[in-house]
Amino acid sequence: MAAFITFEGIEGSGKTTQIQRLRTGLEAAGHQVVQTREPGGCPIADQIRGILLHPDNSGLVARAELLLYAAARAQHVEEVVKPALEQGKIVLCDRFTDATIAYQGEGRGLNRELILNLNQLAAGHCTPDLTLLFDLPVETGLGRARQREIDQQDCSEGRFEREALEFHCRIRTGYLALAAAEPERFRIIDAGQSPNDIAAQVSELVAKFLSRRAESP
Ligand code: TMP
């Protein structure tokens with residue numbers, strides 16, 4: 001049964017670890033799963049990711065950034081998301097169109113209509129069925145993200161982590177507003193809990209979502 005599930009949150013919200021755990025659980029239960037991410041998810045979009053996230057590219061202007069996210073998404077949707085859904089698979093995607101509204105809209109202050117139009121152009125009819133928002137205080141998330149950079153000795157994707165605290169606060173507020181506007185699609189997860197507690201909550205709510213979906217005509 002096809003389902004498109006997306007995962008959103010500020011930097012350091014722990015969603016990537018949780019997606020991996022969910023994937024393992026779903027596969028063990030016999031589901032066919034495709035795990036992917038944005039920006040990226042296929043070779044061309046991964047190259048665009050390199051441009052978008054590299055700290056050397058601090059000169060990238062907001063409109064160019066927006067267009068690159070849209071370009072990466074158009075490629076990823078066509079190559080990965082759409083075919084997987086057509087084959088009846090569950091697609092778990094680390095960030096999608098909501099990230100553009102939160103980051104380029106609330107964070108960078110770009111026009112909402114423009115972003116919605118570009119999201120539509122890039123994603124077409126591929127809209128998430130369920131979105132899990134991993135929420136936690138910005139200071140905690142940024143602390144975790146910076147620690148990860150130090151631990152992994154890799155700063156090649158740190159351009160956004162270097163933004164000011166207020167930028168990330170606007171993104172968190174933007175995400176919470178999106179969740180409030182679409183309560184049917186969004187579930188908010190308290191990302192400050194232990195990884196095991198979060199994994200249990202995620203697994204339970206996705207199982208419920210899938211069984212309701214299987215029952216609906
Ligand atoms: P992540 O893979 O570590 O979550 O990094 C992706 C970064 O790209 C993260 O800082 C959020 C940002 N982003 C946007 O600004 N707009 C978007 O549309 C997407 C998908 C991600």
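One-based numbering, in listed order, for ligands and for the atoms of each. Worth saying up front: this structure is predicted, and the values here are computed from it rather than measured.
The nearest non-hydrogen atom to atom 3 (O) of ligand 1, considering only E8, E161, R49, comes from R49.
Polar contact check, T100 against ligand 1: a nitrogen or oxygen pair lies under 3.5 Å apart. In terms of polar-atom proximity, defined here as any N/O pair under 3.5 Å, R148 makes no such contact with ligand 1. Not one N or O of E38 is nearer than 3.5 Å to an N or O of ligand 1, by distance alone. Of the N or O atoms in R73, one or more lie within a sub-3.5 Å distance of an N or O in ligand 1.
Between the side chains of Q32 and Q87, no donor N or O sits under 3.5 Å from an acceptor N or O. At a cut-off of 3.5 Å, with distance as the only test, a side-chain donor of S156 or D154 sits close to an acceptor on the other residue. A donor and an acceptor atom, one from each side chain of T100 and R73, are located under 3.5 Å apart. In this model, no donor atom of one side chain and acceptor atom of the other lie less than 3.5 Å apart for N111 and R63.
Centroid-to-centroid, the aromatic rings of Y69 and Y103 stay 6.0 Å apart or farther.
Contact atoms of ligand 1 toward K15: 4 (O) (distance under 4.0 Å to a heavy atom of the residue). Taking every heavy atom of Q104 and a limit of under 4.0 angstrom, the matching atoms of ligand 1 come to 14 (C), 15 (O), 16 (N), 17 (C), 18 (O).
Looking at atom 8 (O) of ligand 1, its nearest protein heavy atom turns out to be Y69 OH, 2.8 Å.
Nearest heavy atoms, L118 versus A70: CD2-CB, 4.3 Å.
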